[in-house]
Amino acid sequence: MSNRMKMILILTLFACISGGVLSLVYLFSSPLIEANMLEERNRSIFEVVPGVKTYEEKMQDDLAYFLCKDESGSVIGIALPVQGNGYQGVIKLMVGLTPSLDRITGMAVLEQVETPGLGGRISEKSFQEQFNNISTHPAVEYVKNQEPDKENQIKAVTGATISSRSVVAIINKNIQKLSSVIQ
Amino acid sequence: MSERGQRSSFAEFTKGFWKENPILVMILGMCPTLAVTTSAINGLTMGLAVVFVLTGSSLIVSIIRNIVPKQVRIATFIVVIATFVTMVDLFLKAFLLDLSKALGPFIPLIVVNCIILGRAEAFASKHSVWRSLLDALGVSFGFTVTLIFLGGIREILGMRTFFGRSVLGEGFEPWIIMLLPPGAFITLGFMLGAKNLIDRKMKERK
């Protein structure tokens with residue numbers, strides 16, 4: 001067998017084996033990964049809208065949101081999955097709102113690729129909890145190196161202003177969008 | 001390395017921890033070394049991912065070393081390495097989602113980590129399966145231990161914690177710079193210096 005044939009054969013063989021092995025691993029892991037994602041979505045909805053028992057997926061003008069209800073079936077809040085650009089990549093959040101949209105009930109970071117240890121700290125509880133029960137009128141703002149003193153303010157992560165600003169901007173933009181869609 | 005004669009199996013395994021430490025001596029794999037070591041747990045996870053990828057690919061490369069034509073060996077090695085890396089990535093996403101998110105793109109980037117291809121090309125493609133296995137385990141665990149050290153120092157000084165547990169009191173003001181890229185360079189520089197200092201002292205004592 002010529003060397004050229006051997007080269008082609010060997011490389012093709014290994015590419016095929018690799019493809020086969022990875023298909024098997026993917027087949028086995030993809031339901032787990034999907035279940036993880038769904039569980040995370042459920043968990044984040046339950047986290048950002050306190051007291052929710054069931055939720056219903058809604059779609060209006062390309063904007064998806066979850067209508068959250070308590071035991072009796074009355075609407076107690078809205079969970080809004082949002083995303084936008086951060087410092088290094090896309091940030092995905094879940095935002096909980098009162099039905100009238102004038103207060104944020106909670107916020108959870110679903111996905112981000114910000115700098116570990118800096119912007120990445122937007123995923124930490126202490127940052128996310130700042131969004132509990134803040135006002136959306138006027139729009140949410142961030143402050144640096146001082147404690148927030150207004151009802152619509154949160155404190156930016158030290159050394160990660162861009163990531164903090166992105167989170168605030170993503171939230172404000174999408175609340176505005178949602179309010180124009182719902183009303 | 002083969003021309004230096006056969007080392008004992010034990011020496012083949014332990015050389016990766018000190019004498020041929022991938023980070024402190026070979027200065028390989030700097031990208032994940034500097035980028036993910038903001039905490040000890042990140043260092044440990046990254047290290048274990050490399051243990052799996054390096055051991056797996058060294059094993060395969062050593063087994064196939066005599067049937068792969070020279071001209072396509074790098075391409076073949078990369079396919080083997082990429083397969084193992086994708087497996088680790090899927091595994092972390094399926095079972096350890098939080099850690100997978102913390103390490104972000106650096107798990108997929110193991111594909112281009114010089115340590116892996118370096119060991120495959122310089123060692124596994126020229127040695128028996130048993131010796132390649134020892135070499136891969138030694139080098140990758142040496143990598144892991146060094147990453148835990150680096151991540152641990154940065155976590156302690158930058159966040160006052162070690163593996164998430166508080167070790168320094170509230171009175172200690174965290175050094176934010178340790179979590180930033182310069183903190184990685186500073187810490188690594190001191191570690192390299194300390195390694196060389198210890199080596200010199202040991203030589204003098206002899």
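As the structure is a prediction and not an experimental result, all values here were calculated from the model. A, B, ... follow the sequence lines: proteins, then strands. Residue 1 opens every chain.
Aromatic ring centres of Phe141(B) and Phe17(B): separated by at least 6.0 Å.
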| Can you check salt bridge (charged side-chain N to carboxylate O under 4.0 Å, His left out) on Glu40(A) and Lys92(A), steps first, answer last? | CA-CA 12 Å; Glu40(A) 200 176 26; Lys92(A) 290 187 183 174; over 6 Å; no

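The residue among Leu180(B), Ile60(B), Val80(B) with the most heavy atom pairs within less than 4.5 Å of chain A is Leu180(B).
A cation-pi contact, defined as under 6.0 Å to the ring centre and within 45° of the axis, links Lys15(B) to Phe123(B).
Only the side chain of Ile64(B) comes within contact range of chain A, with heavy atoms under 4.5 Å apart. With a threshold of 4.5 angstrom between heavy atoms, Glu34(A) does not approach chain B through any atom at all.
Minimum heavy-atom separation, Gln128(A) to Ala108(A): OE1-CA, 3.5 Å.
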